[in-house]
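Right, one structure below, let's go through it.
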Amino acid sequence: MSSEFDITATYLRFLEDDPDITMPIAAIESLVTLLKIKQPSTSAELITLLSGAISELKTSVPNAISLSAGCDLFMRFVLRNTHLYSDWESCRTNLVENGQLFIQRAKESRNKIAEIGLPFMKDDDIVLVHSYSRVVCNLLIRAFQKHIRFRVICTEARPTETAKSDTMAYLLRQAGIPVAMIYDSEVGFFMHKVDKVFVGAEGVAESGGIINHIGSYQMGVLAKNANKRFYVVAESHKFVRMFPLGPDDLSIKKKLEFSTEDKPIETRHLEFTPHEYITALITDLGVLTPSAVSEELIKMWYD
């Protein structure tokens, strides 16, 4: 990449400037900004430019699964549209304009999901949530504003790097929702008190399983064992073309290091939760079973 434009710095700046933006949308905004600045003169130059930027983003950002979904989706959009125009200038202008439109629709998906998810909330519910998810938080606050009265159990969700003001418990309490905080190790103890579980996702795999904050997998296992419904709330732009079969199939792995000396715990933030533990996914495309995710990915990529 040219030193004139730093795609990684641009991506990180979008995340810093807008605390509500998701990683896939920040990635797409960065790529649209790249097209505005660099202005490639041919379709071949365009593909080479985007491919290099996407590769740089994926390799320079830790835990790049979520942003990969946005990068791949935007590249698919570009490949499907470059041949529709007779002159190159019209093509480039259209890609930038439609890229901005796509970003706007993706940002609006969070509110759409909140409306789709409202029927899942009932009076007197006790909802268990794990880690901070903007889309889950938005759904719960919307339900409270619709005068549905419920309580929320929030896990501590270690390890976490968010400030207190960015935690799920803090934001829900600010909205007036009663919240109880528990340690991650207490999930099994309190599971019998829970009516349903809501979690977000960094990425949704083709199998319908999810990549999410560490601890989601054990929560799914405990919920299934207790016959509790386990819902994933996620935007469709987080659907990724991956097919992990189990927790060890992600590229993000944690090694067990045995030692007789005191050592700090190696931090791992993401893990895979297989589809068999998921009741349904609440998305901007509607309520999906895990098996329906692959069908939606086929529509996105091949229709």
Side-chain angles (χ1 to χ4, degrees), residues 19-22 107-158 160 162-202 204 210 212-213 215-236 238 273 277-290:
D20 289 328
I21 198 172
T22 61
K107 287 181 176 179
E108 292 169 356
S109 64
R110 200 173 295 157
N111 290 330
K112 186 175 181 180
I113 290 171
E115 293 300 326
I116 292 172
L118 277 179
F120 290 85
M121 297 296 299
K122 307 295 181 187
D123 281 330
D124 299 320
D125 270 349
I126 295 180
V127 180
L128 174 63
V129 299
H130 180 60
S131 186
Y132 172 51
S133 165
R134 298 174 186 87
V135 67
V136 172
C137 190
N138 193 53
L139 168 56
L140 295 176
I141 291 174
R142 181 66 61 88
F144 185 76
Q145 291 170 344
K146 293 290 185 179
H147 307 295
I148 301 171
R149 294 298 172 253
F150 57 92
R151 291 167 289 172
V152 179
I153 298 176
C154 289
T155 59
E156 192 180 22
R158 285 179 178 262
T160 178
T162 56
K164 180 182 177 182
S165 60
D166 292 328
T167 62
M168 182 78 84
Y170 178 86
L171 294 171
L172 294 179
R173 284 169 174 162
Q174 288 290 100
I177 300 171
V179 173
M181 281 286 292
I182 65 172
Y183 293 113
D184 298 339
S185 55
E186 295 179 307
V187 170
F189 182 82
F190 287 108
M191 186 60 76
H192 72 286
K193 295 182 179 292
V194 171
D195 294 295
K196 61 200 65 169
V197 180
F198 282 156
V199 299
E202 289 291 316
V204 180
I210 61 165
N212 197 42
H213 193 90
S216 303
Y217 177 40
Q218 65 187 19
M219 189 176 285
V221 173
L222 289 166
K224 185 172 184 179
N225 185 63
N227 293 316
K228 303 295 183 179
R229 289 161 290 172
F230 186 91
Y231 295 115
V232 174
V233 187
E235 304 95 325
S236 60
K238 290 183 178 177
T273 302
Y277 300 107
I278 297 169
T279 306
L281 296 101
I282 303 171
T283 78
D284 49 301
L285 301 176
V287 180
L288 306 177
T289 62

Kindly write out the residues that satisfy salt bridge (Lys or Arg N to Asp or Glu O under 4.0 Å) with Glu202, not counting sequence neighbours, or none if the list is empty. none
Ala223 versus Phe230, closest heavy-atom pair with distance: CB-CD1, 4.1 Å
At what distance, to the nearest 0.5 angstrom, does CZ of Arg229 lie from NZ of Lys224? 16.0 Å
Nearest heavy-atom contact between Ala169 and Val179 is CB-CG1, 3.8 Å
Could you measure the distance from the OH atom of Tyr170 to the SG atom of Cys137? Nearest 0.5 Å is fine. 12.0 Å
Determine whether a donor-acceptor pair (N or O, by modelled atom type, separation under 3.5 Å) exists between the side chain of Glu115 and the backbone of Lys112. no
With the side chain counted from C-beta on, respond yes when Asn212 and Thr273 share a heavy-atom pair under 4.5 Å apart, and no when they do not. no
Is there side-chain contact between Arg158 and Asp184, with at least one heavy-atom pair below 4.5 Å? yes
Can you find a pair of side-chain heavy atoms, one from Cys154 and one from Leu172, that are under 4.5 Å apart? yes
Rounded to the nearest 0.5 Å, what separation is found between the CG atom of Leu171 and the CD1 atom of Ile177? 10.0 Å
Val129 side chain reached by Ile153 side chain, heavy atoms, under 4.5 Å: no
Verdict with reasoning, Tyr231 to Phe198, per ring-ring contact (aromatic ring centres under 6.0 Å, His included): CA-CA 5 Å; Tyr231 295 115; Phe198 282 156; 5.7 Å; yes
Polar side-chain atom of His147 near backbone of Phe144 as donor-acceptor pair, under 3.5 Å: no
Nearest non-hydrogen partners of Val204 and Ala234, listed with the distance: CG2-CB, 4.1 Å
Do Asn138 and Ile113 have side-chain heavy atoms sitting under 4.5 Å apart? no
N/O donor-acceptor pair under 3.5 Å between His213 side chain and Ala157 backbone: yes
Inter-residue atom distance Leu128.CG - Thr155.OG1, 0.5 Å rounding: 6.5 Å
side-chain contact (heavy atoms from CB on, under 4.5 Å) assessment of Thr167 paired with Met181: CA-CA 11 Å; Thr167 62; Met181 281 286 292; over 6 Å; no
Checking Asp284 side chain against Glu235 main chain: does a donor-acceptor pair fall under 3.5 Å? no
What residue pairs, at least two apart or across chains, pass salt bridge (Lys or Arg N to Asp or Glu O under 4.0 Å) with a residue in residues 122-138? Asp125-Lys196
Output for pair (Tyr277 OH, Asn225 CG), nearest 0.5 Å, gives 10.0 Å
Heavy-atom check, side chain of Val127 versus side chain of Val194, under 4.5 Å: no
Does Met219 reach the side chain of Val199, with side-chain heavy atoms less than 4.5 Å apart? yes
Applying side chain to side chain contact (heavy atoms under 4.5 Å, CB included) to Thr283 and not counting sequence neighbours gives Phe239, Leu281, Leu285, Leu288
Side-chain donor or acceptor of Lys193 paired with backbone N/O of Ile126 under 3.5 Å: no
Gap between atom CG of Asp195 and atom CZ of Phe120 - 0.5 Å precision: 14.5 Å
Might you point out which heavy atoms bring Gly200 and Ile210 nearest each other, and give the distance in Å? O-CD1, 3.8 Å
Please identify each residue that fulfils salt bridge (Lys or Arg N to Asp or Glu O under 4.0 Å) with Arg173, with sequence neighbours left out. none
Partners passing side chain to side chain contact (heavy atoms under 4.5 Å, CB included) against Leu222 (at least two apart in sequence or in another chain): Val187, Met191
Non-neighbouring partners of Ala143 that pass side chain to side chain contact (heavy atoms under 4.5 Å, CB included), sequence neighbours left out: Leu118, Met121, Ile148, Phe150
